[in-house]
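Worksheet: one structure, shown below.
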Amino acid sequence: MVICSLIMDLRLLFHNIGFGSGALIALVMAIFVYSRDKKSVTNITFCLAFISITVFCASHLIGVNIVDSIISRNVLMWNISVIYIACFITHCSFTLIGIEKKQRIFLIGMYAIAVVLTFVYVLFPDTYLLPSEPKMYFPNYYVAGSLQWIMRIIFDIIVPVYFLAYLFFAYTKADYAMKNRLKYFFVSLFVGYGLGSLAIPLVYNIQIDPIYASFFVPILAIPMAYSIVQYNLMDIRVIAKKALYFGAIITVASFGIFVIGNINYVIVAYIPNFPLWVMPLFGGFVATLIGFIVWNNFRETDLLKYEFITVVTHKLRMPLTSIKWSIENLSPIVPVQGKNDLEHIEESINNLVEITNIITTVSSENQEVYLYHYNKVDLVKLSRTLLDEYKKKFSDKNIGLASDFSEVGDEIFIKADPEKIKLTLQILLDNALTYNNPNGKVVVSLKKNERNVSLSVADNGIGMNKEDLNRLFSSFYRGDNARLSDTEGMGIGLYISKKIIERHHGSLKASSDGLNKGSTFTISLPIDTN
């Protein structure tokens with residue numbers, strides 16, 4: 001009997017550790033993803049979904065451990081949050097694959113049903129849960145109310161099957177980069193939902209141990225979070241594997257520290273004079289050691305990536321520089337009929353140099369601030385110089401290029417890395433040139449207020465819809481119109497530009513009145529008053 005009781009206690013302990021860790025992981029992931037892009041609908045709905053998961057895990061953990069059946073039921077009522085887990089994950093999935101507008105009626109209907117059910121269950125608790133009862137090794141567990149089956153059918157079956165089907169369909173139609181992204185998003189949702197569902201059978205007195213349901217949070221959270229916020233030049237498979245690897249380390253470490261803490265009480269029960277500080281000290285040492293190992297692995301990976309790209313870009317620049325010198329030497333002696341070909345070669349070389357610069361910037365965007373060399377920069381002078389360089393490009397495509405710096409005068413200074421700011425302006429001008437209409441026009445203007453200077457690049461080109469605007473600054477994202485206008489674009493220029501401007505404590509925003517109504521990109525930077 002003692003052994004059976006001990007086994008039951010251990011199972012409850014492992015169950016509690018699993019759901020406690022799940023609540024913590026879900027909350028951390030919600031904050032992490034939201035902080036990466038507070039305006040992205042995908043990030044916001046992900047955050048709300050995982051806050052709902054946090055509420056589910058916490059209320060489940062507390063409710064099943066309460067001995068009083070009525071109090072246990074009242075705590076477990078917070079599990080109504082499972083309705084909103086399904087709602088927000090569905091919304092997040094639809095925004096990720098760009099069908100939020102097409103699914104507007106479904107989303108409105110889904111949220112309306114969720115709110116109605118919530119009111120019914122809160123006003124009439126017995127329709128959702130009856131007073132809890134002891135089940136298996138739990139002091140108390142859920143007892144389904146008379147109308148709980150409605151929620152189960154809609155939000156545990158119909159809604160998940162619906163959005164998973166759309167994710168799979170989007171995967172079959174996606175390009176290579178998006179396929180990699182959706183693969184891990186889909187698998188994490190499919191497996192995560194499957195594991196999470198293991199907590200349900202015991203509600204209906206089917207004797208399936210819900211202990212395994214606690215694993216659904218890290219499996220669901222980590223690949224989803226990384227596919228949303230970390231989809232950069234690195235292959236998503238590498239990121240997901242690394243995320244799962246470190247997530248497993250942290251989960252095991254948390255479990256180990258928890259066990260060490262509980263062992264301390266067991267030892268004291270048998271050895272009253274045992275020093276209370278020994279086991280917590282050992283647990284702290286283990287936590288510090290694991291933290292150092294994880295940090296060191298992340299740091300080593302980051303340095304290897306940076307060194308690899310540095311070497312590659314250096315190798316690229318050497319032949320590119322040699323070709324440019326050869327072009328300069330050939331230019332005076334090439335006959336007139338060969339001048340155009342030589343100019344096309346030079347333009348292609350310049351494009352390669354630009355791409356190399358972008359790759360270098362991608363590799364360094366997560367490095368320390370010391371990679372930025374800040375100086376006092378005259379934004380008027382820098383802008384005029386760059387516009388002079390672009391005049392011929394615009395003229396060759398019959399696109400007008402105008403400027404309006406009247407509001408700021410002859411000079412205005414910012415504290416910036418001139419090369420980084422120049423790269424950002426080049427990206428904006430290149431986009432205005434590429435995505436404009438024949439005989440279009442681009443206007444570059446500077447304005448200021450007491451603290452900031454704003455530089456705007458406005459065109460009357462292909463424009464953007466609301467969906468494109470919401471996802472514009474995501475890495476590798478390109479709208480349908482953009483792909484049709486330029487098949488060779490990479491979709492990282494604006495992502496890099498935004499990162500550069502944010503490093504300068506500024507902002508980069510885009511606006512458009514709709515498709516074929518032009519676009520305006522506005523950089524805002526602090527004025528250097530020193």
Side-chain angles (χ1 to χ4, degrees), residues 16-63 75-76 78-97 100 107 110-111 114-115 118 151 155-156 159-160 163-164 167 181-182 184-200 210 212-231 236 239-240 242-244 246-248 250-251 254 470-471 474:
N16 292 346
I17 292 170
F19 275 91
S21 301
L24 180 62
I25 291 169
L27 183 60
V28 168
M29 285 298 175
I31 295 169
F32 171 70
V33 171
Y34 176 70
S35 66
R36 297 290 297 212
D37 189 350
K38 297 177 182 178
K39 295 182 180 179
S40 166
V41 178
T42 304
N43 293 45
I44 292 169
T45 49
F46 177 95
C47 174
L48 292 172
F50 278 84
I51 287 174
S52 302
I53 289 173
T54 303
V55 173
F56 164 74
C57 289
S59 60
H60 174 90
L61 173 65
I62 297 168
V75 172
L76 292 175
W78 285 92
N79 271 214
I80 291 172
S81 62
V82 297
I83 294 174
Y84 296 95
I85 294 172
C87 289
F88 293 131
I89 285 181
T90 302
H91 200 156
C92 177
S93 301
F94 287 165
T95 57
L96 181 75
I97 59 180
E100 182 185 10
L107 290 172
M110 177 185 69
Y111 282 121
V115 171
T118 301
M151 180 272 287
F155 293 99
D156 286 351
V159 171
F163 75 72
L164 284 171
L167 279 175
R181 192 176 195 182
L182 289 177
Y184 288 90
F185 205 84
F186 178 86
V187 171
S188 66
L189 283 170
F190 186 80
V191 177
Y193 256 89
L195 283 173
S197 299
L198 293 177
I200 298 173
Y212 304 105
S214 63
F215 293 108
F216 92 97
V217 177
I219 289 173
L220 187 68
I222 296 171
M224 278 185 69
Y226 274 82
S227 65
I228 290 172
V229 302
Q230 283 293 100
Y231 193 66
I236 190 65
I239 294 167
K242 187 191 296 185
L244 288 170
F246 287 118
I250 292 166
T251 303
S254 302
N470 288 335
R471 303 171 65 190
S474 303

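Under the side-chain contact (heavy atoms from CB on, under 4.5 Å) criterion, Val115 pairs with Tyr84, Phe119, not counting sequence neighbours. Listed by chain and residue number, Ala30, Tyr34, Ile51 satisfy the side-chain contact (heavy atoms from CB on, under 4.5 Å) test with Cys47 (two or more places apart in sequence, or in another chain).
A distance of 12.0 Å separates CZ of Phe163 from CG of Leu96, quoted to the nearest 0.5 Å. Note: Thr90 OG1 to Leu164 CG = 8.5 Å, rounded to the nearest 0.5 Å. In this structure, Asp156 CG and Ile83 CD1 are separated by 9.0 Å, a value rounded to the nearest 0.5 Å. To the nearest 0.5 Å, atom CD of residue Glu100 and atom SG of residue Cys92 are 10.5 Å apart. One distance of note links CG of Asn79 with SG of Cys57; it measures 9.0 Å at 0.5 Å rounding.
When all heavy atoms of Leu76 and Ser59 are compared, the pair lying nearest together is CD2-O, 3.6 Å. Between Ala213 and Gly196, the shortest heavy-atom distance links the atoms CB-O, 4.0 Å. Closest of all the heavy-atom pairs between Ile85 and Ala49 is CG1-O, 4.1 Å. Heavy-atom minimum distance, Ser93 versus Leu167: OG-CD1, 3.9 Å. Across Ala199 and Pro210, no two heavy atoms sit closer than the pair CA-CB, 3.7 Å. Heavy atoms only, all atoms of each residue included: Thr45 and Val41 are closest at OG1-O, 2.7 Å.
Contact check for Ile80 versus Met151: no side-chain heavy atoms found under the 4.5 Å cut-off.
Under the 30°/60° scheme for interplanar angles, the aromatic rings of Tyr111 and Phe88 are found to be tilted.
A side-chain donor-acceptor contact under 3.5 Å links Thr42 and Thr95.
Looking at Thr54, its side chain does come within 3.5 Å of a backbone N or O of Leu27 through a donor-acceptor pair.
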inquiry  = Pair Phe50, Ile53 - check side chain to side chain contact (heavy atoms under 4.5 Å, CB included), show working.
reply    = CA-CA 5 Å; Phe50 278 84; Ile53 289 173; 3.7 Å; yes

